[in-house]
Amino acid sequence: MKPECLRIRGLKVVFHSAEGFIKAVEGVDLDVREGECVAIVGESGCGKSVTGLSMMRLLSSPPAIWRADELSYTTRDGELIDVRNAPESRLEALRGDEISMIYQDPSSALNPVMSIGAQIEEIYKYHTKLSKKEARAAGIEMLRRVGIPAPEKRWEQFPHELSGGMKQRVLIAMAMALKPKLLIADEPTTALDVTIQAQILSLLSDLCKKEGTALVMITHDLGVVRSVADRVYVMYCGKIMEQGSCSEILDRPLHPYTKGLIASIPALGERMKRFCQIPGNVPNPAAKPNGCYFCNRCSAASDICRERMPALREAPDDPEHRFRCHNAGGSENE
Ligand SMILES: Nc1ncnc2c1ncn2[C@@H]1O[C@H](COP(=O)(O)OP(=O)(O)OP(=O)(O)O)[C@@H](O)[C@H]1O
Ligand code: SF4
Ligand SMILES: [Mg+2]
């Protein structure tokens, strides 16, 4: 097993809202190993982005109030960084160099008044000693690698002259320009036309595999993870509900919520009488139910589910596969 490059223990994030305190993330433990792809999956509002932003201390505080028992990152040189207490200047140097992020909306992530080339050049200027000419050559090569035709021409163009898919390719080129050790991609394809989502995802995944970059893929769509992820964390209402290898989670899910997400994946070419969906809605984050947060939507709920939050426990035959349910995989007390 490869060593971890990111280790999170007991991450908690709270926001103060007009309705009261919102516990956005409630004690998340998460590891990312070198070169692997980890997917964080769950419905809207379950805390995926807040978890992703916390990884590099990018949450604005206030409004966020956060703490973690451990939040550590191991650099390319093997230095262990305690992200909780590291000076901002140290993290600033790591961001964009060793650690990159790609966001959901490519339009707002690019500067509309700077050419594509000038924006890529800035990355090399800030993090490397390359001359302007060398930066241009490296940048154009990167645009070519992400499948942008006529990259010399694109170099001079402005974001509004590119399609959404092209802009997302530019962002991937920027994120991968310095061969980061860790890339956090938050819903990188949801703003794109469905026909090019798969292309962009496989481009991202291939590039990360080639460069040995660990990828954290945040998505609400469990359907996209099979082709890219090694391991999956399923989140609901700020908690990890199930985690394990991609094949365990997709082929042998134990948690009713994961099963619901899998059942909601539309199967291509299959004629379905009715589109499956999980009944009910995600609870108001300021008024989560007692006991298991999924109890109001779960067909397997029993009395104990409404009283006590289940602990995260190991599946009988795979210690890497863990789930948070009183009733799945045999009762907790068996
Ligand atoms: N700046 C903020 N102020 C107040 N509440 C916030 C803030 N940012 C996030 N939240 C709350 O934290 C919870 C988790 O939000 P988060 O953005 O992590 O969800 P998500 O899983 O990424 O959802 P989506 O799939 O819609 O992007 C939500 O209830 C959200 O309303
Ligand atoms: S603990 Fe109960 S309510 Fe929660 S997922 Fe399991 S069976 Fe459903
Ligand atoms: Mg989000």
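Just follow the structure's listing: the first ligand is 1, and inside any ligand the first atom is 1.
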**Request:** Output yes when a protein non-hydrogen atom is found under 4.0 Å of atom 13 (C) of ligand 1, and no otherwise.
**Result:** yes
**Message:** Using a 4.0 Å heavy-atom cut-off, which part of Met235 comes near ligand 1: side chain, backbone, both, or neither?
**Reply:** neither
**Message:** Report whether any nitrogen, oxygen or sulfur of Ser49 sits less than 2.8 Å from the Mg ion (ligand 3) (N, O or S, backbone or side chain).
**Reply:** yes
**Message:** To check you understand the geometry: which heavy-atom pair defines the closest contact between Cys295 and Ala301, and what is its length?
**Reply:** O-CB, 3.8 Å
**Request:** Identify, by atom number and element, the atoms of ligand 1 in contact range of Ser49, meaning under 4.0 Å from any of its heavy atoms.
**Result:** 17 (O), 18 (O), 20 (P), 22 (O), 27 (O)
**Request:** Provide the closest heavy-atom pair for Tyr124 versus Ala177 in the form atom of the first, atom of the second, distance.
**Result:** OH-CB, 3.5 Å
**Asked** Going by the order shown, which atoms of ligand 2 are within less than 4.0 Å of some heavy atom of His326?
**Response** 1 (S), 6 (Fe)
**Request:** Mind checking whether Pro285 contacts ligand 1 via backbone (N, CA, C, O), side chain (CB onward), both or neither, at a 4.0 Å heavy-atom cut-off?
**Result:** side chain
**Message:** A quick test of your reading: do over 12 heavy atoms of other residues, nucleotides or ligands sit less than 6.0 Å from CG of Asp303?
**Reply:** no
**Message:** Checking side-chain hydrogen bond (donor to acceptor under 3.5 Å, both in side chains) between Asp31 and each of Arg231, Gln243, Arg9, which is the one that passes?
**Reply:** Arg9
**Request:** Classify the contact between His220 and ligand 1 as side chain, backbone, both or neither, using a heavy-atom distance cut-off of under 4.0 Å.
**Result:** neither
**Fill in**
So the atoms of ligand 2 within less than 4.0 Å of a heavy atom of Cys298 turn out to be 3 (S), 5 (S), 7 (S), 8 (Fe)
**Asked** Under 3.5 Å, N or O to N or O, is Gly45 touching ligand 1 that way?
**Response** yes
**Aromatic ring pairing Phe158/His160, orientation class (parallel under 30°, perpendicular over 60°, tilted between)** = parallel
**Message:** Is the ring pair Phe294/Tyr236 parallel, tilted or perpendicular, if the boundaries are 30 and 60 degrees?
**Reply:** perpendicular
**Complete:** For Ile249 and Thr258, the nearest pair of non-hydrogen atoms, with its separation, is CG2-CG2, 3.7 Å
**Prompt:** What's the shortest distance from atom 15 (O) of ligand 1 to any protein heavy atom, and which residue and atom give it?
**Reply:** Val50 CG2, 3.8 Å
**Message:** Suppose I only count heavy atoms of Ala300 and a 4.0 Å limit; which atoms of ligand 2 are within that range?
**Reply:** 7 (S)
**Message:** Under 4.0 Å, counting heavy atoms only: does Cys46 come that close to any atom of ligand 1?
**Reply:** yes
**Request:** Tell me which protein heavy atom sits closest to atom 24 (P) of ligand 1, plus the residue, atom name and distance to 0.1 Å.
**Result:** Ser44 OG, 3.6 Å
**Asked** Do protein heavy atoms approach atom 31 (O) of ligand 1 to less than 4.0 Å?
**Response** no
**Asked** Please walk me through it: do Lys167 and Glu161 pass salt bridge (charged side-chain N to carboxylate O under 4.0 Å, His left out)?
**Response** CA-CA 9 Å; Lys167 278 189 266 210; Glu161 297 175 84; over 6 Å; no
**Request:** Could you tell me whether atom 6 (Fe) of ligand 2 has an N, O or S atom of Cys292 under 2.8 Å away?
**Result:** no
**Asked** Among Glu43, Lys48, Glu187, which one satisfies side-chain hydrogen bond (donor to acceptor under 3.5 Å, both in side chains) with His220?
**Response** Glu187
**Sole residue of Asp230, Ile40, Thr219, Val38 in side-chain contact (heavy atoms from CB on, under 4.5 Å) with Val225** = Thr219
**Request:** Tell me, please, if Cys305 has any N/O/S atom, main chain or side chain, under 2.8 Å from atom 2 (Fe) of ligand 2?
**Result:** yes
**Request:** Heavy-atom contacts with Glu187 under 4.0 Å: which atoms of ligand 1 show up? List them by number with element.
**Result:** 25 (O)
**Asked** Within the structure, does Pro63 bring an N/O atom to less than 3.5 angstrom of an N/O atom in ligand 1?
**Response** no
**Minimum-distance protein heavy atom relative to atom 25 (O) of ligand 1** = Lys48 NZ, 2.8 Å
**Asked** What protein heavy atom sits nearest atom 1 (N) of ligand 1, and how far off is it?
**Response** Phe15 CE2, 3.6 Å
**Prompt:** For Pro310, is the nearest heavy atom under 4.0 Å from an atom of ligand 2?
**Reply:** yes
**Complete:** heavy-atom search around atom 6 (Fe) of ligand 2 in the protein gives Cys325 SG, 2.2 Å
**Request:** Report the residue from Glu314, Glu242, Arg252 that forms a side-chain hydrogen bond (donor to acceptor under 3.5 Å, both in side chains) with His321.
**Result:** Glu242
**Prompt:** Which atoms of ligand 2 sit under 4.0 Å from any heavy atom of His255?
**Reply:** 5 (S)
**Prompt:** Does Phe323 share a hydrophobic cluster with Met235, counting links as ILVMFWY side-chain heavy atoms below 4.5 Å and allowing steps through other members?
**Reply:** no
**Asked** What's the spacing between Ile184 CD1 and Ile99 CD1 if we round to 0.5 Å?
**Response** 6.5 Å
**Request:** Go through the side-chain N and O atoms of Glu134 and Ser131 and say whether any donor and acceptor fall under 3.5 Å apart.
**Result:** yes
